[in-house]
2 protein chains.
Amino acid sequence: MKILHHPDRADIHLSSVLYALSDPVRLFILSELRKHQERSCGDFDVPVAKSTLSHHTRTLRESGVVNVRSLGTQRLISIRTDDLEIRFPGLLTSILDAYENSDEKQQMLLGLEQ
Amino acid sequence: MKILHHPDRADIHLSSVLYALSDPVRLFILSELRKHQERSCGDFDVPVAKSTLSHHTRTLRESGVVNVRSLGTQRLISIRTDDLEIRFPGLLTSILDAYENSDEKQQMLLGLEQ
DNA sequence: TCTATTGTTCGATTATGATCGAACTTTAGA
DNA sequence: TCTAAAGTTCGATCATAATCGAACAATAGA
């Protein structure tokens with residue numbers, strides 16, 4: 001089984017986290033994760049190909065935003081809440097609250113245009 | 001004199017703001033603006049060409065993060081604090097606080113690598 | 001009016017990344 | 001042992017953007 005690299009907490013960089021969260025699909029994934037704690041890739045109802053979704057989860061993992069663990073054939077994804085809170089207090093909450101109060105989710109589901 | 005387009009408050013999108021703030025040079029500019037209220041382009045001591053700096057300020061303006069006004073030959077830049085606070089409460093503060101407590105500024109000044 | 005200052009725009013280059021389908025890997029279960 | 005399910009990787013394409021220097025525009029001041 002492949003080893004999935006996760007950066008140490010000290011190696012999580014603000015600009016990388018902000019970049020990871022600047023994509024509508026990845027913002028959607030994060031907001032789903034906040035609601036459901038842990039999800040597999042297949043649980044995300046996003047309008048992209050399987051390989052594209054895999055790319056996005058990798059981006060989130062390598063930036064230090066999420067943890068990924070294997071369970072059978074699945075990959076279970078969760079937010080690195082504690083690490084992020086210690087490193088960047090309040091950041092994730094303000095971003096996801098802002099996301100929930102915006103219409104970015106609808107925009108993404110309706111077509112990804114703009 | 002050229003008209004500088006600024007998006008309306010309602011047209012400021014979270015993903016665009018996060019993207020604008022995911023660059024080390026632009027994060028540095030924002031942190032300087034928080035300290036000094038209003039600055040001209042020339043005030044920023046960043047290791048990039050003049051045309052590149054102009055590009056960065058444009059990215060910040062078009063994403064809705066900053067306001068730019070002309071004064072003589074200068075362009076005075078300031079953060080759209082009120083608009084951002086209304087649209088995304090607490091977001092900018094948590095991002096800039098995180099930035100100040102990180103070493104991203106040093107990393108940027110030392111070479112932009114990584 | 002001439003010149004220096006300040007910043008923008010343009011064209012080119014280079015790098016990154018979002019996307020897809022196809023092929024592959026791993027595991028669970030029949 | 002097969003097969004189906006769940007993801008990853010690969011190769012290709014396409015778009016965006018970071019960067020620079022050179023040329024340009026606008027303004028202030030001598």
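Just so it is clear: chains get the letters A, B, ... in the order the sequence lines come, proteins before strands, and each one is counted from 1. When reading the values below, keep in mind they use all heavy atoms of this one structure, side chains included, and skip hydrogens, waters and symmetry mates.
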To the nearest Å, give me how far apart [atom1] ([X]) and [atom2] ([N]) are.
X     : N      : atom1 : atom2 : result
A:L71 : C:dG29 : CG    : C1'   : 15 Å
B:L4  : D:dA26 : CG    : P     : 13 Å
A:R69 : D:dT8  : CZ    : P     : 15 Å
B:I3  : C:dG7  : CD1   : P     : 20 Å
A:I77 : D:dG7  : CD1   : C1'   : 10 Å
B:R61 : C:dG7  : CZ    : P     : 14 Å
A:D23 : C:dT16 : CG    : C1'   : 14 Å
B:F28 : D:dA18 : CZ    : C1'   : 18 Å

Problem - Nearest atoms (heavy-atom pairs only) where B:I77 meets B:L33 - result: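 Minimum heavy-atom contact is O-CD2, 3.3 Å.
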Problem - Non-hydrogen atoms of A:G64 and A:I12 that approach each other most closely - result: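 In this case the closest contact between A:G64 and A:I12 is O-CD1, 3.7 Å.
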Go through the structure and list residues passing salt bridge (charged side-chain N to carboxylate O under 4.0 Å, His left out) with [X], not counting sequence neighbours.
X      : result
B:D23  : none
B:R39  : B:D43
A:E38  : A:R69
B:D103 : none

Problem - D:dA18 OP1/OP2 closer than 4.0 Å to side-chain N/O of B:Y19 - result: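 Yes.
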Protein N or O to nucleotides 2-6 of chain D N or O, pairs below 3.5 Å:
from	atom 1	to	atom 2	distance (Å)
D:dA6	O4'	A:T73	OG1	3.1

Completion exercise
Those residues at least two apart in sequence (or on a different chain) that pass side-chain contact (heavy atoms from CB on, under 4.5 Å) with B:L4 are B:H6, B:R61, B:V68, B:R75
Handout entry: Residues that B:T93 engages under side-chain contact (heavy atoms from CB on, under 4.5 Å), provided they are two or more places apart
Key =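 Listed in chain order: B:R34, B:D97.
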Problem - Contacts of B:H56 that satisfy side-chain hydrogen bond (donor to acceptor under 3.5 Å, both in side chains) - sequence neighbours left out - result: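 Residues passing side-chain hydrogen bond (donor to acceptor under 3.5 Å, both in side chains) with B:H56: B:R26.
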Practice task
Using five pairs at either end of the helix from C:dT1-D:dA30 to C:dA30-D:dT1, determine the angle between the two local helix axes and round it to 10 degrees.
Solution key: 20°
Problem - Residue pairs, two or more places apart or on separate chains, that pass salt bridge (Lys or Arg N to Asp or Glu O under 4.0 Å) and touch residues 46-60 of chain B - result: B:R58-B:E62
Practice task
For residues 82-92 of chain A, pull every pair meeting side-chain hydrogen bond (donor to acceptor under 3.5 Å, both in side chains), keeping only residues two or more places apart or in separate chains.
Solution key: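 Found A:R9-A:D83, A:R80-A:D83.
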Handout entry: DNA chain C-proximal residues of residues 51-60 of chain B, any heavy atom under 4.0 Å
Key = B:S51, B:S54, B:R58
